[in-house]
Amino acid sequence: MPFEPYDPARIEAKWQARWAAERTNEPDLVRAEHPFYCLMMFPYPSAEGLHVGNVYAFTGADIQGRYQRVRGHQVFEPMGFDAFGIHSENFAMRINTHPMKLIPRNVDNFRRQLRMMGLMLDWSHEVLTPDPDYYKWTQWIFLQLHKHGLAYRKKAPVNWCPGCHTVISNEQVIGGMCERHPGTAVEKKNLEQWFFRITAYAQRLLDNLDWIDWSEVTKTAQRNWIGRSEGAEVDFKLEGRDDTLRVYTTRPDTLYGATYMVMAPEHPLVAELASPAQREAVRAYCEAACRLKDADRVDAAREKTGVPLGANAINPATGRPIPIWISDYVLIEYGTGAIMAVPAHDQRDFEFASRFGLPIIQVIRPDDGVAAGANTREAAGDGTDDAAGAGTNAAAGASSAAGGDSFSPGDGASPQGGGSTSVAATTSLTEAYVGEGRMIHSGPYDGMPSLECLKEITRDLEARGLAKGTVQYRLRDWCISRQRYWGPPIPMIHCAKCGVVPVPEEQLPVRLPEIEDFRPDTPGGKPLQRHKPFHETTCPACGGPAHRDTDVSDNFLDSAWYFLRYPSARDAARPWDPALTRKWLPVDMYVGGNEHAVLHLMYTRFLCMAFKDMGLIDFEEPFRKFRAHGLLIKEGAKMSKTHGNVVNPDDHVARYGADTLRMYLVFLGPYSEGGDFRDSGIVGIRRFLDRIHRLYADVLGGAPGGSAAEARDGGAVPPGDGDGRAPRRGPLEKPTAIKLHQTIKKVGEDIESFSYNTAIAALMELLTEMRSAPALDDFSLEAFVKLLAPFAPHEAEELWEMLGRGGCVFDGGWPAYDPALTLLDEVEIAVQVLGKLRGTVRVARDAAQDAVRAAAVADEGVARHLEEKTIVKVIYVPNRLVNFVVRP
RNA sequence: GCGAGAGUGGCGGAACUGGUAGACGCGCUGGAUUUAGGAUCCAGUGAUGGAGACAUCGUGGGGGUUCGAAUCCCCCCUCUCGCACCA
């Protein structure tokens with residue numbers, strides 16, 4: 001045989017060498033006419049090597065890139081390494097090797113593996129975040145943000161991870177634990193840190209989500225993280241004082257039900273408001289609250305705690321005094337750090353009030369017709385009348401507060417100002433009613449729908465100067481200081497005389513010194529602080545002695561702009577070349593994991609908006625399209641070292657070939673959902689590639705034989721031209737042509753919708769059809785190779801060469817399908833009687849109903865079910881089915 | 001608790017806008033070829049009953065809408081992911 005059998009080891013090495021030698025994957029960035037920027041999330045180069053999860057992510061992106069390339073785009077698919085950061089540093093500490101020594105070794109291994117996978121990567125634009133040529137610009141970005149007031153320093157309670165020995169951002173805290181140390185609770189420390197003012201862009205970050213073409217899951221995660229809420233800030237007058245206590249609420253409509261106030265223990269007014277009798281209890285409580293770890297404080301299941309301040313505020317709606325408490329369920333960071341508590345309509349307030357016997361006044365009644373499932377026991381009964389009816393008195397509950405629990409109420413803490421009121425309290429509530437309804441016990445607003453009341457009452461309060469409608473966001477500013485070694489030093493200088501002074505741009509980069517002991521836990525301060533030659537410097541403003549900032553910036557800053565650098569990776573004079581940037585950005589397609597939805601992807605968007613506003617770029621959204629891939633699991637379980645079920649790509653490539661591994665990974669399931677990797681299934685893909693190769697070898701080699709051909713004379717009719725039992729080269733028969741054109745259409749559509757699994761299934765069907773065809777023409781042989789190319793690039797190149805075509809299959813153009821040939825001439829139609837399948841008939845496509853009906857009733861199986869029945873109705877769906885509705 | 005998504009053969013998964021459920025692959029069964037095969041090829045493979053043609057059942061559970069429901073509506077259960085005392 002003139003062609004050798006399928007041998008991925010040989011074929012893949014051959015084409016990888018040729019792509020490198022001919023710079024096949026390095027588009028001319030300056031001259032490209034149809035640029036397509038295909039981006040994948042660059043990896044952190046771990047010592048373990050490329051994880052199969054990375055391979056999955058990259059393959060899915062590479063398929064997009066290669067598909068666009070065949071379609072005629074110049075595709076730029078760069079790669080780099082996110083080698084700065086705590087992750088690398090911790091590993092270096094563990095094996096006691098300096099990260100500067102470690103990184104090159106790991107990166108080399110990653111490059112080898114990435115080449116091995118046949119990704120269409122342009123290695124001439126690689127970026128490496130710890131390279132001074134790169135982090136010089138990371139520092140430059142810090143300076144730009146600083147210049148524009150978006151980087152600032154503040155003392156604030158920040159998240160300190162004792163495992164990392166550094167501060168981490170809100171986004172890196174998961175349920176009070178460090179994302180890197182799942183067993184380690186994050187502590188709150190009051191430290192002076194650098195922040196980026198991402199909150200200034202909260203609304204824009206939210207608004208743009210309406211139009212950017214991103215995976216919906218990712219957009220939802222971002223919306224939740226930004227957490228916009230509309231409400232009002234309301235001022236409550238303090239009893240016996242001239243000033244007020246300001247709260248934030250989203251439910252001004254429940255104002256009449258506000259029976260007490262709660263301040264966060266950290267609230268600045270706490271010490272001042274505490275009555276002499278309560279001062280000691282309050283101080284003790286605040287101290288305990290500060291010691292509480294975030295993980296404990298955040299636990300919603302924990303019983304509510306608190307102490308009364310011994311002071312009252314005046315409810316502006318009722319004019320009555322209500323007591324002020326402090327409790328750690330109110331957070332100082334959100335809103336104004338104080339709330340009005342409406343126990344009847346807020347579950348947390350309800351729990352607190354129940355525990356401490358505070359009055360609960362219902363002010364919204366579920367609308368009539370709202371199901372009894374609404375959570376009041378008296379939903380029905382209360383409907384009979386509203387005001388006088390539920391005349392239970394709150395005082396009973398209130399008084400029990402005093403003796404009850406672990407605090408001593410002291411003097412004036414008696415709630416609700418002495419029980420003289422006859423306000424109805426609905427003691428029958430078993431939990432807070434948070435829904436809408438009609439107002440009750442709300443003076444002039446009684447009877448009004450609560451939604452209307454919300455607007456009305458806000459307006460009225462605004463008119464009286466007591467409130468202001470406001471918008472709040474959950475999003476906090478981005479803390480970027482890290483008390484570690486392995487990152488870009490923050491380019492700031494602290495001078496006793498001049499204060500905090502930026503390093504002049506021409507002095508960048510501020511080089512990270514190579515120091516022996518880089519561990520963060522060595523006594524004597526942070527690594528950079530201990531290193532005198534770095535720490536001690538002169539002030540750029542006054543020339544006097546000064547100190548460098550000894551923190552490094554967050555790893556997420558490195559990765560928040562790398563895609564801007566790629567096209568200009570070799571530009572020493574500026575972070576990005578304006579012309580190249582205009583041509584290639586925003587990124588056309590970005591593919592990556594959704595675990596970065598609120599970290600990397602949010603920071604990146606923020607930086608882009610800031611750059612746009614500074615006039616540095618002319619777009620504000622970095623990625624035209626973003627698609628999140630799903631999670632790859634192994635036999636139903638998460639892949640992890642502890643499970644010992646990590647799939648090593650090297651093994652599978654050695655055994656089956658890179659093309660097989662690539663295809664198998666995306667064949668496992670829908671790309672956006674991930675897949676379950678089972679070793680047992682991969683042979684199916686390998687067989688598929690074997691069969692493809694054999695078919696082409698047989699057809700093009702002209703040599704008969706091969707087992708495919710041998711089997712055919714066992715059963716089916718042999719094509720008959722001499723000994724050639726494989727398809728010969730010749731005109732395509734119509735059924736094969738139809739299958740071919742249907743597949744061309746389907747594969748293109750499926751790739752665009754990331755349905756790689758069904759695209760591959762379609763290719764398998766087409767192969768079966770082609771193998772049994774008597775003859776195959778050049779168009780079909782070429783088209784199949786092109787359809788295969790995005791998935792199995794090495795084999796596609798090999799087949800292209802076997803076909804005798806010059807050049808590269810990726811420059812060959814995507815085959816066009818003939819719409820007329822995607823439709824069958826004859827279709828099979830389902831025949832139902834009363835919705836049950838009773839037979840099928842073959843008729844011409846688009847046949848008229850009468851003809852189909854005639855054919856259907858002629859069918860024996862159908863006729864049996866129509867006997868002695870009257871046909872009352874016939875439903876006909878052209879080319880699909882006919883359904884007889886009958887009566888006995 | 002809130003938000004998003006998902007429950008389909010022995011397994012991974014298909015199914016356009018409500019129109020023949022189970023494409024494709026793994027596995028399994030039978031056959032061909034073979035010295036042999038864990039190679040290759042062909043055929044079969046949801047369950048139950050039946051020799052059979054066929055029939056009945058069948059997409060997490062229960063109701064409903066419809067000539068017709070995996071798909072739409074209501075209730076419930078389970079799983080995954082995200083957020084989680086954000087007022």
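So that the names make sense, note that chain A is the first sequence line, chain B the second, and so on, each numbered from 1.
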Which part of the nucleic acid does [X] contact within heavy-atom distance under 4.0 Å: base, sugar-phosphate only, or nothing?
{"X": "A:R223", "result": "nothing"}
{"X": "A:V247", "result": "nothing"}
{"X": "A:S327", "result": "nothing"}
{"X": "A:E828", "result": "base"}

Here's a test of your reading of the structure: between A:M764 and A:G835, which maps to the more 5' nucleotide of RNA chain B?
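So the residue in question is A:M764.
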Using the closest heavy atom to pick a nucleotide of RNA chain B for each, name whichever of A:F884 or A:D346 lands nearer the 5' end.
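In this pair, the answer is A:F884.
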Whole-angstrom distance between [N] and [M], as gauged at atom [atom1]:
{"N": "B:U40", "M": "B:U48", "atom1": "C1'", "value": "36 Å"}
{"N": "B:A4", "M": "B:A55", "atom1": "C1'", "value": "43 Å"}
{"N": "B:A14", "M": "B:A84", "atom1": "P", "value": "31 Å"}
{"N": "B:G38", "M": "B:U34", "atom1": "C1'", "value": "15 Å"}
{"N": "B:G9", "M": "B:U59", "atom1": "P", "value": "9 Å"}
{"N": "B:A23", "M": "B:U45", "atom1": "C1'", "value": "15 Å"}
{"N": "B:G5", "M": "B:A87", "atom1": "C1'", "value": "28 Å"}
{"N": "B:A15", "M": "B:U66", "atom1": "P", "value": "29 Å"}

Hey, what's the ring geometry for [X] with [Y], parallel, tilted or perpendicular (30° and 60° as the breaks)?
{"X": "A:Y334", "Y": "A:Y248", "value": "perpendicular"}
{"X": "A:Y756", "Y": "A:Y671", "value": "tilted"}
{"X": "A:W325", "Y": "A:F352", "value": "perpendicular"}

Is the side chain of A:R662 donor-acceptor paired with the backbone N or O of A:P790 at a distance under 3.5 Å, no angle test?
yes
Donor-acceptor under 3.5 Å (A:T336 side chain, A:A338 main chain)
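Side chain of A:T336 to backbone of A:A338, a donor-acceptor pair under 3.5 Å: yes, one is there.
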So which atom in [X] and which in [Y] form the shortest heavy-atom distance, rounded to 0.1 Å?
{"X": "A:I198", "Y": "A:M602", "value": "CD1-CG, 4.0 Å"}
{"X": "A:N315", "Y": "A:A258", "value": "ND2-O, 3.1 Å"}
{"X": "A:T218", "Y": "A:A628", "value": "OG1-CB, 3.8 Å"}

Do we see a donor-acceptor contact under 3.5 Å between the side chains of A:D679 and A:H652?
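There is such a pair between these side chains.
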Under a 3.5 Å cutoff, is there a donor and acceptor pairing between the side chains of A:Y329 and A:D349?
yes
Just the rounded figure in Å: distance from [atom2] of [N] to [atom1] of [X].
{"X": "A:R474", "N": "B:G3", "atom1": "CZ", "atom2": "P", "answer": "15 Å"}
{"X": "A:R655", "N": "B:G38", "atom1": "CZ", "atom2": "P", "answer": "15 Å"}
{"X": "A:Q742", "N": "B:C24", "atom1": "CD", "atom2": "C1'", "answer": "15 Å"}
{"X": "A:H345", "N": "B:A87", "atom1": "NE2", "atom2": "P", "answer": "17 Å"}
{"X": "A:E595", "N": "B:C83", "atom1": "CD", "atom2": "P", "answer": "12 Å"}
{"X": "A:N883", "N": "B:G18", "atom1": "CG", "atom2": "P", "answer": "17 Å"}
{"X": "A:L695", "N": "B:C41", "atom1": "CG", "atom2": "P", "answer": "11 Å"}
{"X": "A:Y756", "N": "B:A23", "atom1": "OH", "atom2": "P", "answer": "25 Å"}

Base partner of [N], which must satisfy Watson-Crick or wobble distances under 3.5 Å:
{"N": "B:U71", "result": "none"}
{"N": "B:C24", "result": "B:G12"}
{"N": "B:A43", "result": "B:U29"}
{"N": "B:G38", "result": "none"}
{"N": "B:U48", "result": "B:A55"}
{"N": "B:G7", "result": "B:C77"}
{"N": "B:G1", "result": "B:C83"}

Can you figure out which of [options] approaches the side chain of [X] most closely?
{"X": "A:T840", "options": "B:U20, B:C67, B:A84", "result": "B:U20"}
{"X": "A:L881", "options": "B:G3, B:G68, B:U20", "result": "B:U20"}
{"X": "A:Q832", "options": "B:A4, B:C41, B:U20", "result": "B:U20"}
{"X": "A:A761", "options": "B:C85, B:A87, B:C24", "result": "B:C24"}
{"X": "A:E673", "options": "B:A87, B:A39, B:A6", "result": "B:A6"}

Sugar-phosphate means primed atoms, P, OP1 and OP2; the rest is base. With that split, encode nucleotides 46-58 of chain B 5' to 3' as B, S or - using protein heavy atoms under 4.0 Å.
--------SSSS-
Counting neighbours of [atom1] on [X] that are heavy atoms of other residues, nucleotides or ligands and sit closer than 6.0 Å, is the number greater than 12?
{"X": "A:R887", "atom1": "CZ", "answer": "no"}
{"X": "A:R678", "atom1": "CZ", "answer": "yes"}
{"X": "A:E826", "atom1": "CD", "answer": "yes"}

Check the chi torsion on B:G9 and let me know: syn if it falls within 90° of 0, anti if not.
syn
Are any of [X]'s side-chain N or O atoms less than 4.0 Å away from OP1 or OP2 of [N]?
{"X": "A:Y334", "N": "B:A87", "value": "yes"}
{"X": "A:R678", "N": "B:G25", "value": "no"}
{"X": "A:R687", "N": "B:C26", "value": "yes"}
{"X": "A:R686", "N": "B:C26", "value": "no"}
{"X": "A:S229", "N": "B:A87", "value": "yes"}

Partner set under ring-ring contact (aromatic ring centres under 6.0 Å, His included) for A:F626, not counting sequence neighbours
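A:F626 satisfies ring-ring contact (aromatic ring centres under 6.0 Å, His included) with A:W214, A:Y590 only.
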Show each protein N/O and nucleotides 13-17 of chain B N/O combination with a separation under 3.5 Å, one pair to a line.
from: B:A14; atom 1: OP1; to: A:N757; atom 2: ND2; distance (Å): 3.1
from: B:C16; atom 1: N3; to: A:R880; atom 2: NH2; distance (Å): 2.7
from: B:C16; atom 1: N4; to: A:R880; atom 2: NH1; distance (Å): 3.0
from: B:C16; atom 1: N4; to: A:R880; atom 2: NH2; distance (Å): 2.9

Does any donor-acceptor pair link the side chain of A:N224 with the base of B:C83 at a separation under 3.5 Å?
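Per atom types, no contact qualifies.
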